[in-house]
Every structure is written in structure tokens, then in C-alpha cells.
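Working notes, structure below.
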Number of protein chains: 2
Amino acid sequence: MASSRPTLADVAAAAGVSVSTASLAFSGAGPIAATTKDRVLAAATALDYSGPNPLGRQLRSGRSGIVGVLIGDQLRRSFRDPVSIQMLDGLASTLGPLGFGVLLIPGAADQPPAHLDPLVESAVMDVAVLICGATADDANLATLRRRGIPVISVEGEPLEGVIEVGIEDRVGAAELGRHVQGLGHERIAIVSLPFDWQRRSGVATPARLAEIRWEIPRRRLAGLTDAGIVPVAVYETPASLVEHGKAAGHALLAGPDRPTAIIAQSDLLASGVVLAARELGLRVPQDVSVAGFDGLDLPWLAPDVLTSVSQPLAEKGAVIGRAVQALMSGELPGPETLGMTLQVGTTTGPPPAH
Amino acid sequence: MASSRPTLADVAAAAGVSVSTASLAFSGAGPIAATTKDRVLAAATALDYSGPNPLGRQLRSGRSGIVGVLIGDQLRRSFRDPVSIQMLDGLASTLGPLGFGVLLIPGAADQPPAHLDPLVESAVMDVAVLICGATADDANLATLRRRGIPVISVEGEPLEGVIEVGIEDRVGAAELGRHVQGLGHERIAIVSLPFDWQRRSGVATPARLAEIRWEIPRRRLAGLTDAGIVPVAVYETPASLVEHGKAAGHALLAGPDRPTAIIAQSDLLASGVVLAARELGLRVPQDVSVAGFDGLDLPWLAPDVLTSVSQPLAEKGAVIGRAVQALMSGELPGPETLGMTLQVGTTTGPPPAH
DNA sequence: CCGCACCATCGAATCGATTCGACAACCAGC
DNA sequence: GCTGGTTGTCGAATCGATTCGATGGTGCGG
């Protein structure tokens, strides 16, 4: 055994105690004499033993301390969106001190829901978190269920046996909609997040609008409808990125009957619209009002400050972390919904006089 | 056994074969009759058995298939920098198909190198990747060594027994420096990445310049020195973020003898400098030239395109992935260094006539 | 002085799989 | 018909720890 790494048995032998006593010296779960403990620890140091191998512990306890986070293909795409980052940060910050690690499970790009990512099948995890907006026909979800892994879904659709953590984006969208309408706008366009994994780009036809698959754009659109908004156009984007917002802005603002207000479903999209307006020589908000969603801090948009409804991103992560903790204690946490708050910036104002 | 999840032993019993045969049916490692295999698989389906528990497999093989990535506190901070994201994306994309998962190991914010993050001690991993620029006095590194976990260091300092993956940023910096000097600039200021975990902000004194702890700012600074640049000022920033670049730009461009060119050590910092110049009413590059580092695509800077030296971020991730694979095959991969390429944009030009 | 309780320690079972060596059955060749 | 090789299956050891129940001491109270 000279070549391979020492095990608890080696340490126990060196200290002249049994394996079980040596285990007690490290775990502290049980009565042990101080002198014995010191002897074991000394033997461990002498053998260069670096503590109990987590694998052995895990096998016995059935727990790995790993939380799998299914991020879809967001690493490449939406992770350029601070929304995902800040939530992941909140999650990791809550989980880390509890001894849980976050395992990133990336998905292949632009796959239909039937696609199964290999790590979902093979990776060890105690809990899975779906941050990509789960749908019922997701093959990954089916696999997780089969494996008996508890699932937490973030802003997904309500699903059997899945713990939901969401935000009141429908309410928030309605509030934002009423704010814009209250300013007097009548020609309002919407820049939407992707409808489904096809990630199309352009003004959506009524038929297309009827088949929105993903929950987030659907809810936010529904919120605006709740506020009584009948949009003059809904522009579908392939991802929540500045460049797509800019393309949408150019498309919507170039025509003859341009809208007097544009509401985007994310701040990154909204900032792209602001940039498009600037490039077209339009003043914000005098010529066109722009509002976003999420409440990010976008330093490069200065001096403009986006009107937006902000969501508590770090808290969202923390809530997920607490749900994980509850699950591991054997409890079944209920669904949680976080509120949003309207933040009026400098990018919305009354519509132009004529 | 009705309540708990079925095990391979249950399946074997149901199929009327031994555990070893049942194992063969799943792993395929060994001769097995087609009829027997079908019988085992049928029994597995009947029992709702979801395949061998990875934990058991791992304990036996000693491999977890997990690559720990120590990101420092970058999740909060520099992960807003696409540099980290794109590299992580490249890493995850290479590792995923190989059956490896990426475990995020966050660090606490602003800790001295003696700080040890709990997951480094306890998490299961086959290889650790340090993407935060390792230093020799890092407590996390010491722990990884004690645990016998191979370490890959990205752009860190050369360390005993650590596999290095780097970029030729000193060469790239020199090339960028020569480009700027070739345009005729003589008053050149530098906006630097953080020197150490203290993350100070402001123009660095000569004493401060002599004690740069982190490798990346030091190498990039050395490259500019190689090009013969003697900066009129080096501004130290707390992180590679737009707002800090903007603050640096304001500080450097407000004075009476403002530099005619500013070289930033990252594109995010450089874009902040451009924004500061715009706010001060300075034209880029007519009044001041700005150059960056990394070669990112920053859509919101349009119509400006940053002059920068670009690094192959996705390939950096892929190289790390291959190093991991080599390590797991028992090989000892050598250090790798990737080249950078100068990309001249619209933000650099000759200095103003007077 | 006896007995009860408690503390420290140990042995053995357990977690869920992989894998090596043994063994039996079967086929082909001589 | 016997031998040698292949193929399929099985039993048992193994990975590295935790944990339960048992045992042997010690101390305290009655």
C-alpha cells in the first residue's frame, strides 16, 4: 500500500485502533477519548492522509452533496445575460456554506425538447434545478423523474411533482404596462423573448403568437394584455441579447407608423432597442419610450436609466438554495413566488405631441 | 425493499441471474448471451430500475467524472465578463461529451490567499481547474495537492506539479503596444486589471507597481514595457467591469495633460474608457485612442469597434478539456500556450496634431 | 461491596456497484 | 472419444467509508 493513497484503514492500523474508532476521530459522531483522537490524527498526519474520501462517505449516506443545474445552452447564450449569472451566484452562495456544490449540466444548442443530455443520465446529484424553463415534454425531466431525483423548476410551467420557484412576472408586466399606458401611449410594440427552442427572429404572426411554447414570454405577454395593451407588433427574438434587441428596434422603428413606446421582455433587449433608437436619431423618451424587464444595472447605457420591473435575482437563488436544503432534510418545500417592483427610469415619458 | 429504489441485486434476483451477470448486461464489459441480456433489461424495466447507481460505480473505479472549477469570486464579478463565460463554455462543451461534469467551486469575496473554500476540502473531483490565476501561497492549491488531485492552472504563475494552460499575453501586449506606438503616440496611459485580492482603485504609485501579485496584469504590463512603452500613468481597477473602466477613463482624461492613447488590459475596461471619453465630449480616435484586450464582441459600443488583441477563448476551454482527458488516461500533459492576434478596430488612430 | 449506567472501543454489516478467477457447458479438430 | 479453446455465468473480493450492536472497562450511588 506504499504507492497508493492511504485509507482510513491504514491510518487506523498505524494508530493501533480499529477502523470504526478512526472514523469517529474524523467525523466526531460518537464518544471518543481525546487521547485516542489525537493519536489517530497524528497517525493521519504521519501518513499524509487527507481526510475521509468523500466517495466512501457518499456511498454509505446515499448523498453526494451535489446539486445539478440544467442550464440548457445558456452558458453560451443567456449567460451573457446577467440575469442567469446573478441567480446562479445567489444559488452558489447559499449552497456553498451548506456544503453543496453546483454541477453545471449544459445542454446542446437548439435541441427539441426530446433531446436528452448525457450528464442528466449519468451524473451524480441529489437535486436537480432546471433554470431553463421546463416544459412537460422535456426528455431531461423524464429522465430525472425516472432516476428519482427531486426537481426544482425556475419559472417553468406547473408540473407534477416538481417544486416551483417563480416570480410574479405576469403581475410585474401588468404593472409596467399600466405605467406605459398611463403616460398616454397608444401605439405600443413588444420585443419578446424566444417563444421556443426554434428561436426565430422577426415580427410574430397571429398564428405564431398562438403557439408560444415557453412560459416566460407567454406570462409576460399575458401580463401586458392584462393591462389592456393591444400591441401593434410583437417582435420575437432568438435570445436575450443586446444585438437582438438592436435588430428588433431597427425593424420596429424604421417603418412609417412607428410605435411611440416599446416594451421589451428583458433589459438586455430593451437596451438594444435604446441603442437602435439612438442610431436612428430618435430621442429617448421624447420620440420613443422604451421599457425593459429584470431591473439590471447597465452602466454602458448611461446617461439613460432603463424603466424596468426588477426581480430579486440573488434572492431567487437563495430561495432555491433553501428549497434544496429542505429537500435534503426530508421535507417537501412548497412552491415559492417572488414579487417584482416597478422602477421608473429616464427611458419612458409621454408620447410625442403628434 | 419495496419502498426504496431497486438495486442491481434486485434486478438480478428478478431476472434469475447473479449480480455479476446483471452488471455485465449494463456495462457490456464482458461476454454475455443476447437472451440473458434481454432478460436482465426486461427485469430492470419491470422494476423501474434506472441503471447502475453512479456512486457505486465511482467508488469501485475511484473516478467521479467531475472536474472542479475554482472560479474565485468570479461568479459575482468577472463572470459578468464574457471572457470567463466563453472559456467555461468551451470547457463544458469539451467535457460534456466525454462524460465529465463541471462542478463550480465559488470562493468567498475578497479573501487573502490563505483563505480555504470549504468545497475544495470536501467535494469529490478527479481534476481541479484554477481559472482565477493561481499563486504559490494559495491555501486552496495546497489542499488540492494534499488531496492528491491533479491541478490545471489557467494563466497562473508557473508552479510545481501544476499543468499550465496559458495565452501569450505578454507577446500580444507587446504587439498591441507597438501598434499604438507606431501610430505616433507618446503619452500613453494604461488601465490595469486588479493587482491582487485587495482590488484597489486609482493611479498606482511606483511602490504599488512593484508589488503586483497577480500574473495577468503583470504579464500584460511587461508586454507593453517590452514594446518600449513608458506609461504616463497606470490606473488600477478592482475588476474587469465597464463601470471601472469608465471611472478610470474619467480620471485619466479629465486632467490637463491627458494621454493621447489609453490601453486597457481588458475589453470591458476599454469600453468603459470609450464611454468616459464620449461623456467628456472627446472623439475616439481623433482626440484619444483606446485599445483593449481579449477580442470580445461588444455590440453596445457600436459604431465603434475596439482595437484589441483577441485570444481564442473557446479553444482555451477545449485545451483544458483535452488536458483533463489526458490526465484521466494516466498521461501527464505538458503546458500549453495559445497565441493571440491583433485586431485593429476603429478606436485607435494617430494622435491629435497638437 | 454490589450493581447499574455510561463511556470508549471494536467487529461486522452495509452502501451499490465492478471485476477477477473459477467453473461448467459446448463446439471443433484430430 | 479425448483434448483444447471459447463462451457464458457465477461467487467472492474489493472500493472506502459509516454505523449499529456488542463488549469490556470504569465510576458512582446505594
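Keep in mind it's a predicted model, so treat the numbers as computed, not measured. We use all heavy atoms of the structure for the numbers below, so side chains are in, but hydrogens, waters and symmetry mates are not. In what follows, chains are A, B, ... by sequence order, proteins preceding strands, each numbered from 1.
Residues A:Leu8 and A:Phe26 meet the side-chain proximity criterion, which asks for heavy atoms closer than 4.5 Å. Counting only heavy atoms from C-beta outward, the side chains of B:Leu104 and A:Leu103 never approach each other to under 4.5 Å. Considering only heavy atoms from C-beta on, A:Leu144 comes within 4.5 Å of A:Met125 through its side chain.
Regarding contacts with the backbone of C:dT9, every side-chain N or O of A:Thr21 stays at 4.0 angstrom or more from both OP1 and OP2. Side-chain N/O atoms of A:Ser27 include none lying less than 4.0 angstrom from OP1 or OP2 on D:dT18. Considering only side-chain N and O atoms, B:Ser18 lies under 4.0 angstrom from the phosphate OP1 or OP2 of D:dC10. For C:dT18, the OP1/OP2 oxygens have a side-chain nitrogen or oxygen of B:Arg57 closer than 4.0 Å. Contact annotation: A:Thr36 does not reach the phosphate of C:dA8 (side-chain N/O to OP1 or OP2, under 4.0 Å).
Taking atom CZ of B:Arg63 as the reference point, atom C1' of D:dG16 lies 17 Å away to the nearest angstrom. In this structure, CG of B:Leu55 is placed 9 Å from P of C:dG16, rounded to the nearest angstrom. If you measure from atom CZ of A:Arg39 to atom P of C:dA8, you get 14 Å, rounded to the nearest angstrom. Rounded to an integer number of Å, the gap from A:Leu59 CG to D:dT19 P is 12 Å. The CZ-C1' distance, from B:Arg5 to C:dC15, rounds to 15 Å in whole Å. Atom CG of B:Leu24 is separated from atom P of D:dG11 by 14 Å (rounded to the nearest Å).
If you check every strand for non-hydrogen atoms under 4.0 Å, B:Ile32 touches sugar and phosphate atoms only. When heavy atoms are screened at a 4.0 angstrom cut-off, B:Pro52 is found touching the sugar-phosphate backbone but no base atom.
In this structure, the nucleotide among C:dA8, D:dG16, D:dT19 sitting nearest to the side chain of A:Thr7 is D:dG16. The side chain of A:Ser20 approaches C:dC10 more closely than any other nucleotide in the set D:dC10, D:dT9, C:dC10. In this structure, the nucleotide among C:dA17, D:dT9, D:dA17 sitting nearest to the side chain of B:Tyr49 is C:dA17. Taking every side-chain heavy atom of B:Ser23 into account, C:dT18 is the closest of C:dT18, D:dT18, C:dA17.
Side-chain atoms of A:Ser18 and A:Thr21 form a donor-acceptor pair, as typed in the model, at a separation below 3.5 Å.
The two residues B:Gly321 and B:Leu95 have their closest heavy-atom pair at CA-CD1, 3.5 Å.
Along DNA chain D, the nucleotide closest to B:Gly56 and the one closest to B:Val17 are compared, and the more 5′ of them pairs with B:Val17.
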